[in-house]
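Notes follow once the structure below has been shown.
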Amino acid sequence: MPRVNMVQALNMALREEMRRDPRVVVLGEDVGRMGGVFLVTEGLIEEFGEERVIDTPLTEMGIVGVAIGMAMYGLRPVAEIQFIDFIYEAFDQIVNNAAWMRFRSAGMYKVPLVIRGPCCGGIRGGMHHSQSNEAYFIHTPGLYVVMPSRPYDAKGLLKESIRVDDAVIFLEPKSVYRTVREEVPEDDYTIPLGKGRVVREGDDVTLVTWGAMVYVAEKAAELAEKRRGWSVEIIDLRTLFPWDKDLVVSSLEKTGRLVIVHEAWKTLGPGAEISAYIAENHIDLLRGPVKRVASYDTPFPLVHEKLYMPNVARIYRALMEVMEW
Amino acid sequence: MTSLLGDVDLPFKPLPPRVLEEYSGMLREALGFKRAIDEEGRVVDESLLPKLTNRELAEIYEYMVRARVLDGWLLKLQRMGKVALHAPNRGQEATAVGTAKPMKPHDWLFPSYRELGAYIVRGMSEEEILDRAMNTIDDPLKGSDFAIYGNRKYNIVPAPVPVGNQIPLATGAAIAAKILGHDTVVVAMFGDGASSRGDFHTGLNFAGVFKAPVVYVLQNNQWAISVPTKRQTAAPSFAVKALAYGVPGIRVDGNDVLAVYSIVSRAIERARRREGPTLVEAVTYRLGAHTTADDPSRYRREEEVKIAERYEPLRRYRKFLESQGVLTEKEALQLEEEWDSRVEEIVRKVLQKPGLPKDVFFENVYERPPWVLEEEKKEFEESLKIAEELGIELEE
């Protein structure tokens with residue numbers, strides 16, 4: 001089994017799906033002859049040609065709108081947004097067409113489309129190369145939202161996303177792209193949408209997170225264990241809509257304490273939804289307040305990004321607050 | 001109430017011949033190529049030589065030199081890890097300087113991210129640019145984003161990183177100036193890639209409808225990262241796109257600083273007379289990478305860049321100045337050396353400056369920070385204390 005990073009795992013997923021299904025096409029800025037600015041689509045144009053690996057003019061609205069039309073007609077496009085921060089130009093297309101075409105045509109048309117791209121901070125990318133804007137898409141009915149944290153999941157989730165008959169927003173934490181390597185099978189496997197995974201088992205507190213924050217949470221959990229003897233269970237949601245409530249609830253049945261960590265802005269971030277759902281339906285399981293650790297409600301700064309995003313100290317503080325409540 | 005039939009086409013009929021005539025004239029400009037001096041600095045079109053004194057002509061050269069020298073330093077500092085990211089300007093100095101020079105101080109500039117020459121012409125110093133690039137305590141934009149420069153002091157609006165979204169803003173500012181009765185002209189600069197965005201089309205469309213006093217300078221540097229212009233548009237020029245919005249478009253040699261100056265200057269005068277907007281396509285070439293994060297050898301050949309070097313703007317303008325007796329080659333080279341040591345000194349000074357305060361990102365989100373941010377700032381301060389107690393370095 002090859003040991004690969006997330007970029008390579010995503011490339012494997014695209015290549016395998018394009019070989020398996022001639023309807024799968026890739027389009028976006030610089031995805032062809034350059035292979036994408038992060039090289040996720042490297043080598044695809046050589047194997048599949050310009051008809052299926054399409055360098056587009058510079059417009060997210062155009063890329064997404066055209067991809068939706070292709071999907072409605074019968075292709076299965078994977079549209080790359082070079083940095084997910086650039087996606088806003090395509091918002092009208094995503095909401096009104098990608099997400100709602102099935103509903104507004106009473107099921108006569110579907111949009112089997114993946115919109116994928118690098119997200120999140122940690123590479124000193126400033127306000128337009130660092131955002132975690134998943135909440136906009138989670139908030140929009142009709143979309144799946146996915147964010148893998150490791151190469152194995154990235155491959156299985158991307159393959160599944162390509163096969164799903166609805167639009168999927170597939171967010172790739174770029175700080176993990178080349179920093180994590182693991183064995184990824186070369187065979188055809190998929191990971192179902194809506195299923196999280198337990199990253200680390202524990203009894204005292206459940207920490208729900210995703211993307212690059214999984215690794216920061218692990219560090220904070222180790223520190224809390226070493227210094228205070230607290231045992232932290234970490235759940236990587238992997239899919240953000242629909243999120244794996246069964247996994248979270250079963251963990252809470254054990255721990256009774258919940259901390260949610262995400263890079264997205266705190267106000268109306270995904271943590272607000274998870275917290276509200278638990279408060280509405282499982283308040284009896286909770287031994288104390290739910291705590292969220294999120295990016296502050298300001299634009300993503302170029303300077304001091306590690307202080308702005310959830311960090312070990314901020315997560316440790318939240319763990320203290322729930323454990324000592 | 002508007003007159004009956006005044007605003008609509010009834011009965012349907014062909015457009016009058018004068019419209020066709022007017023548009024064929026516009027088409028010739030949009031598909032043509034304006035140039036004052038050729039690659040060897042020889043005058044090819046007297047009508048495009050601006051009426052400038054020798055001192056002003058030399059000054060234009062000095063601006064271009066300063067842009068090139070500073071560009072080199074920013075590249076060097078990026079490689080040293082002192083600058084997060086830089087978008088190289090090399091090769092595009094003539095467009096930046098030629099565009100900014102005919103502007104008045106109270107005119108507004110909406111630049112993109114490859115216009116060092118324009119900032120310098122408008123008064124931004126090397127020190128300020130380096131403070132910005134290295135996010136020192138004196139960074140006027142307080143660490144907000146990389147490769148972006150702006151300062152209200154010089155009427156330079158910070159560029160957006162998402163390409164081209166400043167275009168409707170420029171149109172809107174120009175319409176506002178017109179409504180308020182100011183004689184301000186707005187200039188927007190952007191690249192060939194931006195012309196594919198909806199912002200470009202809607203920006204020009206509004207400008208045409210409302211006769212906005214705005215000049216758009218499209219720097220066609222032939223590459224949008226790895227995408228060549230032929231993949232960006234099937235049209236033979238970018239200038240021709242303006243015609244669809246009732247706006248004149250003019251294609252000019254963007255490496256000929258005198259032609260850029262003359263054409264932009266005429267467009268600014270036209271806008272100031274409130275006769276409407278203009279799109280200037282400046283044909284140039286990006287000699288460097290898209291940014292320091294890009295490797296152009298993945299998508300274009302080194303030979304192409306070598307050929308493009310022959311057309312670079314400083315050499316040819318230097319030859320022109322020499323032929324006119326404005327500046328000798330020796331003086332020109334001296335100028336470059338002088339600025340290089342001056343900038344080196346400034347770099348040394350800026351490197352000594354402290355960085356921005358840790359809580360800087362809580363500033364300038366709202367005029368009056370809501371309770372949400374006040375609570376978050378408290379959490380922030382507590383987390384710094386906890387990090388200290390735990391003995392962990394958060395910003396390694």
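The only member of Asn135(B), Asp138(B), Thr136(B) that meets side chain to side chain donor-acceptor pair (under 3.5 Å) when paired with Lys353(B) is Asp138(B).
For Tyr366(B), the ring pair (Phe, Tyr, Trp, His ring centres under 6.0 Å) criterion is met by no residue, not counting sequence neighbours.
The candidate with the highest count of non-hydrogen atom pairs below 4.5 Å against chain B, out of Leu58(A), Thr59(A), Ile315(A), Ile123(A), is Leu58(A). Note: Gly125(A) leads Pro299(A), Ser130(A), Gly125(A), Gly62(A) in heavy-atom pairs under 4.5 Å with chain B. For the set Leu390(B), Val227(B), Asn165(B), the entry with the most heavy-atom pairs within less than 4.5 Å of chain A is Leu390(B). Interface summary for chain B: among Arg227(A), Met320(A), Gln82(A), the most heavy-atom pairs under 4.5 angstrom belong to Arg227(A). Most heavy-atom pairs under 4.5 Å with chain A, from the set Ile225(B), Asp145(B), Val161(B): that is Asp145(B). Between chain B and the options Lys306(A), Glu305(A), His128(A), the largest number of non-hydrogen pairs under 4.5 Å is found for His128(A). With respect to chain A, the highest number of heavy-atom pairs below 4.5 Å among Glu379(B), Lys358(B), Lys385(B) belongs to Glu379(B).
With a 4.5 angstrom heavy-atom cutoff, Tyr308(A) touches chain B via backbone and side-chain atoms both. Residue contact with chain B, scored on non-hydrogen atoms closer than 4.5 Å, involves the side chain of Leu223(A) exclusively. Within the 4.5 angstrom heavy-atom criterion, no atom of Ile63(A) approaches chain B. Only the backbone of Phe300(A) comes within less than 4.5 Å of a heavy atom in chain B; its side chain stays farther off.
Taking 4.0 Å as the cut-off between side-chain N and carboxylate O, Arg200(A) and Glu218(A) do not count as a salt-bridged pair. Ion pairing between a basic and an acidic side chain is recognised when a charged N comes within 4.0 Å of a carboxylate O; Asp204(A) and Arg228(A) show no such pairing. Between Arg231(B) and Glu50(A) there is a salt bridge, with a side-chain nitrogen of the basic residue lying less than 4.0 Å from a carboxylate oxygen of the acidic one. For the pair Glu382(B) and Arg317(A), the salt-bridge criterion is met [side-chain N within less than 4.0 Å of a carboxylate O].
Residue pairs meeting the salt bridge (Lys or Arg N to Asp or Glu O under 4.0 Å) criterion with at least one member in residues 29-43 of chain A, sequence neighbours excluded, are Glu42(A)-Arg298(B).
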